[in-house]
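Counting convention: from 1, in listed order, for ligands and their atoms alike. Numbering of residues begins at 1 and proceeds along the displayed sequence.
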Amino acid sequence: MRSWSSPEVPSIADSGLGAGPVVRVHDTATQRLRSSDPTQTARLYVCGITPYDATHMGHAATYLAFDLLQRVWRDHGLDVDYTQNVTDVDDPLLERAQATGVDWTELAEREIELFREDMTALRIIPPANYVGAVETIDLVVDMIDQLDERDAVYRVDDDLYFDVHADAGFGSVSGLTEDAMLQIFPERGGDPDRAGKKHPLDCLLWQSERPGEPSWETRLGRGRPGWHVECAAIALEHLGTNFDVQGGGSDLVFPHHEMSASEATVTTHEPFAQAYVHAGMVGYEGEKMSKSKGNLVLVSKLRAAGHNPMAIRLALLAHHYRSDWEWFGEEIAVAEERLAAWRAAVSRPVAPSGSAIVEAIRAAMSNDLDAPSALAAVDEWAEDDAAADPQAGRTVRTAIDALLGVKL
Ligand code: 5CA
Ligand code: ZN
C-alpha cells in the first residue's frame with residue numbers, strides 16, 4: 001500500500017566531517033549491545049499499526065526509535081531497506097468496526113491515513129515497503145504450506161496451528177521461561193486453553209471463516225491469516241532471511257516476535273533476524289497507553305492544539321527509546337522552549353565550534369540511540385557563548401536534522 005512521503009535527510013559528510021560511526025543497539029535476544037554494520041544495505045522490519053484508532057504517543061515513540069536507527073545507519077554511509085506492515089485485518093479492528101457500525105475496511109483506511117499524516121508531520125522516515133495483511137494472503141498461504149511440509153502445522157476444528165516445538169530454538173528471542181510465557185500468552189492474543197491443541201503455547205496460523213467476518217477463499221479453506229505469520233511472511237518476502245533488525249515495542253517481544261521468528265526459522269532453516277530491538281512502553285495516567293484502555297494522547301490532537309510537530313518530536317527524544325516512561329502534558333512546553341533556544345543558537349552569526357558538538361551527537365546516537373545525551377550536548381552548545389566559527393550554526397543545524405530529525 002501507499003507509504004508516506006520522506007523527510008529530506010541531509011548528509012553530515014557533505015559538511016566535510018566524514019562518515020559517522022557504526023551503530024550499537026541493544027538486542028533483546030542476547031541482552032547485549034551489538035554492532036550493526038552490514039555491508040552496503042541495512043535491512044529493517046518494524047511491526048506496524050493495527051489501524052483501529054489513531055496514532056498515540058506510544059506508537060510515535062516506537063516509530064521514532066527506528067527512524068533514529070536509520071539515521072545513524074545512513075550517517076555511517078549505508079542504504080536502508082525498510083519494511084513495515086499494517087495489521088489491517090485482526091480481531092480488535094473487526095470488534096471496533098462492529099461496535100461503531102463502520103465498515104472495517106473504511107475504519108482501517110481512515111486510521112492508516114491519519115497515521116501517515118502524523119508520521120509525515122513528525123518527519124519519520126517511511127518504509128520503502130508498506131504492506132497490509134490483506135495484500136499478503138497468498139504469501140501467508142504459501143508459508144503455511146511450507147510449514148506443513150516440515151510437519152509444523154496441525155488442525156484444530158477448521159483452524160490451523162503452528163507447533164512451536166518444531167523449532168528447537170523456540171524461546172530464544174524473549175528468553176522467557178515456559179511459565180512466564182504461559183502467563184503472558186493469553187494477555188496478548190494467545191489461546192492457551194483451547195481444546196484440541198497439542199501444546200498450550202502453539203499459535204494460530206490460519207483462522208477459518210467466522211460468521212459475519214471477512215475471509216478469503218484459499219487452498220487452506222475460507223479464512224484469514226493469524227497475526228504472527230503475517231509479519232513473518234511479509235518480512236521474508238521483502239527482506240529475506242537473517243535481516244539486520246526486527247523492531248517494535250517491548251509488548252511484542254512475546255509472543256509476537258518469538259512466534260514470527262520460529263515460524264520463519266522452521267520455514268527457511270535460517271535465522272529470521274540478527275538483532276531484536278524493542279522500544280519501551282509509554283504510559284499515561286499510571287498505565288500503558290493503549291487503545292484498549294482508552295488512555296490515549298493522540299499525536300493528531302497535540303498537532304490540532306497548535307503544538308509544533310518538531311516540539312512533539314523533541315518531547316519524545318527526551319526519553320531513551322528503551323526506557324518505559326509516562327507522558328505528562330508539561331513536557332511539551334519544555335520541548336517548545338528547547339526548540340526556540342536551539343533555533344536561536346544555530347542562527348548566531350558566529351557560534352562555538354561545530355565539529356566537537358557534531359562528534360558528541362554522533363557518539364551519543366551510535367551508542368544505542370542515546371537521544372537524551374545528544375539533547376544534553378546540544379543544550380550545552382546552545383548555552384555556550386564563545387564565538388569562534390561562522391560556519392558552525394549551519395553545520396550543527398545539519399547534524400541535528402540528519403541525526404535527530406529535528407528541522408530547526
Ligand atoms: N499490528 C501490531 C504489530 S504487527 C501492533 O502491535 N499494532 S499496535 O497498533 O498495537 O502497535 C503498533 C506499534 O506501537 C507496535 O510496535 C507496538 O509495540 C507499539 N506500541 C503500542 N503501544 C505502545 C506504547 N504504549 N508505548 C510504546 N509503543 C507502543
Ligand atoms: Zn508484527
Q: Say whether Ser262 and Asp167, considering side chains only, have a donor N or O and an acceptor N or O under 3.5 Å apart.
A: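 Per modelled atom types, Ser262 and Asp167 side chains form a pair under 3.5 Å.
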Q: Would you please say whether a donor-acceptor pair under 3.5 Å links the side chains of Thr87 and Asn85?
A: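 Yes, because at least one side-chain N or O of Thr87 sits under 3.5 Å from a partner of the opposite role on Asn85.
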**Q.** Heteroatoms of the protein, restricted to N/O/S, which lie under 2.8 Å from the Zn ion (ligand 2)
**A.**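 Sorted hits: Cys47 SG, Cys231 SG, His256 NE2.
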Q) Using the ring of each side chain (for Trp, its six-membered ring), is His165 parallel, tilted or perpendicular to Phe170, with breaks at 30° and 60°? A)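 His165 vs Phe170 ring planes: perpendicular.
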Q. Do the two ring centres, one from Phe243 and one from Phe272, sit under 6.0 Å apart?
A.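 That pair passes the under 6.0 Å test.
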Would you say [atom1] of [X] has more than 12 non-hydrogen atoms from neighbouring residues, nucleotides or ligands within 6.0 angstrom?
X      : atom1 : result
Glu270 : CD    : yes
Arg394 : CZ    : no
Gln98  : CD    : no

Q. Quick one: does NZ or CZ of Arg348 land under 6.0 Å from the six-membered ring centre of Trp381, within 45 degrees of the ring axis?
A.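 Flagged: Arg348 positioned over aromatic ring of Trp381.
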Q) Would Trp104 and Asp88 count as a side-chain hydrogen bond (donor to acceptor under 3.5 Å, both in side chains) if you check the C-alpha gap in whole Å, the side-chain angles of each, and the deciding distance to 0.1 Å? A) CA-CA 9 Å; Trp104 66 278; Asp88 54 1; over 6 Å; no
Q: For ligand 1, list the protein residues that place a heavy atom within a distance below 4.0 Å of one of its atoms, sorted by chain and number.
A: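 The answer is Cys47, Gly48, Ile49, Thr50, His56, Gly58, His59, Thr62, Tyr63, Asn85, Thr87, Trp227, Cys231, Gly248, Gly249, Asp251, Leu252, His256, Gly280, Met281, Val282, Lys288, Met289, Lys291, counting any residue whose heavy atom sits under 4.0 Å from ligand 1.
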